[in-house]
Trainee: 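Following this message is one structure expressed as structure tokens.
Given the structure is predicted, the values throughout are model-derived calculations rather than measurements. Order of the sequence lines sets the chain letters (A, B, ...), proteins ahead of strands, with each chain counted from 1.
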Amino acid sequence: MSPLNQLLKPNTYKSGPDAAGRFGGFGGRYVAETLMPLILEVEAAYAKAKADPTFDEEWRRLLKDYVGRPSPLWFAERVTEHGRAKAEPGKGAKVYFKRDELNHTGAHKINAVLGQILLAKRMGKKRIIAETGAGQHGVATATACALFNLPCTVFMGATDVERQQPNVFRMKLLGAEVVAVTSGAATLKDAMNEALRHWVANVEDTYYCIGTVAGPHPYPMMVRDFQSIIGAETRTQMQEAEGRLPDLLVAAIGGGSNAMGLFYPFLDDPSVQMHGVEAGGHGIETVTGHAASLTGGRPGVLHGNRTYLLQDEFGQILEGHSISAGLDYPGVGPEHAWLHELGRVQYVNATDKEALEAFQLCSRLEGIIPALEPAHALAHVLKVAPTLPAETLIVMNMCGRGDKDIFTVAGHLGVKL
Amino acid sequence: MNQPRSQGRIAARFAALKAEGRGALIPFLEAYDPDPATSMAILRGMPGAGADLIEIGVPFTDPMADGPIIQLAGQRGLKAGATLAGTLAMVRDFRAEDDATPVILMGYLNPILSYGAERFITDAAASGVDGLIVVDMPPEEAEVLAPGAMAAGLDIIRLVAPTTDEARLPLVLNASSGFVYYVAITGITGTRSADPEALRAAIPRIRAHTDLPIAIGFGVRTPEQAGFAAKVADGAVVASALIDTLAKSLDEQGRAKPDSVRKVLDQVRELAAAVRG
Ligand SMILES: Cc1ncc(COP(=O)(O)O)c(C=O)c1O
């Protein structure tokens, strides 16, 4: 086991993954032989596309004219004041939101979807499949497939189909087929299992568009590369706004794609601290009551990569719980597992209750109804901002808007819509 | 072409069958499905019903390469308390009365990592396991388990798929021992039937790269298909069809009925007759 657990401090935190798709001892390609040729094909195609400037040009054109990038960097003055009101004199960090909730389709997911759909086109694939939990990645994929006239099938746990009806309807309006997955626990992890199974049986014409920095190599790298547009823009925008780098980056972690996207371009800037906020659910001391894989799990292998997982003592995968359907995945992207072990990023958590409070506070203070996922990030910001010097610059990734969540939140607040 | 030939029960059994001039029947059962006693009775009864080698599935919550039939078998097994340790205990009990029939465990990597790879190798070898099929452990990721397992005399049996191309075949085959498991369909277990013409073309393609026996699985359901697979290759693995029979024999609460074991073993007998044809 020793090669897996090697922990040498690298010269750069941006070198991963290696040729085998590993970030230190994490990542890799733990898939059945039936899938192996497929992921090798995706890897080769992605390497070729990356080397071709016209691929990047086309992707950036779509981001600008279709998605509406760059997304603004917003100085959240009232949230900042709110923190300062509770802080000692001289304390209370300055809070900025990176506003990816303004993207077309309402979340960061579209950034990586468009990259992957362009890749699928280049590979000559004729249809697209995707997994989805909350439905945001499914909606983004269905959207891109409508734009590019590709048939789209989205796998979604039957439990999630029930609790995310508006997004199910959106996907159907966009022309996608939604398959309710009843296997296993009928949630996001099972949707991903089912998408992988479907892919194996439809090798010739199908591309699997994964929604986060998980899955077998090259997906964690590829999705990170596409999402890094978030951090790259933030760098430039903060330079313009404050003439320097931010001090602390905060992002919610489901699989970890919006967080990797914000963090990655800053990994080699030692002055920039980073906090990834996992879903604390009912509290991480309650078994199966949370989805904090890094804080409450241990390393194992699932969905093609080695990473931190929620699992029992026998290595059976446990269900995560979060108020946010986009965060209750029992794993986390392997690059986060690596950054966690190296100590480069601190992983913390926020509970359902804290997220719900932050959700409401943000709506009233900033006029921004956040998705429940970034509401977790905001809950953490609200905890740390008052403890930091007033000149500290925090950037929080506002990675999605809350339209999809109003029914859930209303339910928790006892309001009948 | 120079894979180390293992000298254990698997090699001995295939050599004996070759001398007999026939292929192997390799039936599959899922550990603890639907309860430990029933699955133990099926395991015990299989050699007498004509099993030449036996594959035991180790239940996992997320069986990526399996169709609904084996998924549900795994869920029943887990509900009945299946663990890797419990599965090894089944093999130990089986070995007390059968020292010749090779037993192969088929499962996924995470329960093994959780058990501890080294401890698992030691315990599996001591329990009388002969080979391992770890579905989500391609040659590229085998270092955690394969060298130690092979050193302990456990064969690492690898899947070769219709999508495994010429460039990949040697890599996969050189990392294999015991026998080669040819996945007859592009898909998951229990969903399609193997196409005889495709098999006739595929098996020689693999033979050109290896001396190991080749068994065909995923999509072998009927006695006719098993008979054909055992002829065109060296063995036929039948899993979903047997589990289907077991599942259909259960009562509404998913419990075994008095004839559950017999129904499965009768089907093994029919398959064995066809393989011996
Ligand atoms: C708005 C939003 N944020 C975050 C996530 C979690 O995913 P990730 O951690 O990959 O960003 C989701 C997933 O559905 C989402 O919709």
Trainee: Specify the closest pair of heavy atoms between R192(B) and A201(A), including all atoms of both residues, with the distance to one decimal.
Mentor: NH2-O, 3.0 Å
Trainee: Could you check which of M137(B), Q75(B), R168(B) has the highest count of heavy-atom pairs closer than 4.5 Å to chain A?
Mentor: R168(B)
Trainee: What part of V183(B) lies closer than 4.5 angstrom to a heavy atom of chain A: side chain, backbone, both or neither?
Mentor: side chain
Trainee: Determine the option with the most heavy-atom pairs under 4.5 angstrom with chain A, choosing from V134(B), T191(B), T83(B), L72(B).
Mentor: T83(B)
Trainee: Look up atom CG in D136(B) and atom CG in L302(A), then write down how far apart they are to the nearest 0.5 Å.
Mentor: 8.5 Å
Trainee: What part of P68(B) is in contact with chain A, defined as an atom under 4.5 angstrom from a non-hydrogen atom: side chain, backbone, both or neither?
Mentor: neither
Trainee: Let me know if P63(B) has heavy atoms under 4.5 Å from chain A in its side chain, its backbone, both or neither.
Mentor: both
Trainee: Side chain of R197(A), backbone of D66(B): donor and acceptor closer than 3.5 Å?
Mentor: yes
Trainee: Has N110(B) got a side-chain atom pairing as donor or acceptor with V301(A)'s backbone, closer than 3.5 angstrom?
Mentor: yes
Trainee: Have a look at R22(A) and tell me which of E143(B), E141(B), E140(B) forms a salt bridge (charged side-chain N to carboxylate O under 4.0 Å, His left out) with it.
Mentor: E141(B)
Trainee: If you count the non-hydrogen atoms of other residues, nucleotides and ligands that lie under 6.0 Å from CD in E204(A), is the total more than 12?
Mentor: no
Trainee: Identify which of I317(A), L318(A), L40(A), N193(A) forms the greatest number of heavy-atom pairs closer than 4.5 Å to chain B.
Mentor: I317(A)
Trainee: For the interface with chain B, which of P216(A), G304(A), G21(A), P37(A) has the highest count of heavy-atom pairs at distances below 4.5 Å?
Mentor: P37(A)
Trainee: What part of D165(B) gets closer than 4.5 Å to chain A, counting heavy atoms only: side chain, backbone, both or neither?
Mentor: neither
Trainee: Looking at CD of Q316(A) and OG1 of T61(B), how far apart are the two atoms once the value is rounded to the nearest 0.5 Å?
Mentor: 4.5 Å
Trainee: Please name the pair of heavy atoms, one in F60(B) and one in G315(A), separated by the smallest distance, quoted to 0.1 Å.
Mentor: CE1-O, 3.4 Å
Trainee: What's the shortest heavy-atom distance between V31(A) and M64(B), and which atoms?
Mentor: CA-CE, 3.7 Å
Trainee: Set out, in order, the CA-CA distance, both residues' side-chain angles and the distance that settles side chain to side chain contact (heavy atoms under 4.5 Å, CB included) for L84(B) and F314(A), then state yes or no.
Mentor: CA-CA 8 Å; L84(B) 200 45; F314(A) 304 112; over 6 Å; no
Trainee: Given that the side chain runs from C-beta out, which part of A32(A) has a heavy atom under 4.5 Å from chain B: side chain, backbone, both or neither?
Mentor: both
Trainee: For the atom pair OG1 (T34(A)) and CD1 (I188(B)), what is the distance rounded to the nearest 0.5 Å?
Mentor: 9.5 Å
Trainee: Which answer fits I112(B), side chain, backbone, both or neither, if we ask what part of it has an atom under 4.5 Å from a heavy atom of chain A?
Mentor: neither
Trainee: Could you walk me through whether T164(B) and E33(A) satisfy the side chain to side chain donor-acceptor pair (under 3.5 Å) test, starting with their C-alpha distance in whole Å, then the side-chain angles of each, then the deciding distance to 0.1 Å, before giving a yes or no?
Mentor: CA-CA 7 Å; T164(B) 310; E33(A) 183 56 33; 3.2 Å; yes
Trainee: Nearest 0.5 angstrom please: D62(B) CG to D190(A) CG, how far?
Mentor: 6.0 Å
Trainee: Is E313(A) close to chain B through its backbone or its side chain, or both, or neither, when contacts mean heavy atoms under 4.5 Å?
Mentor: backbone
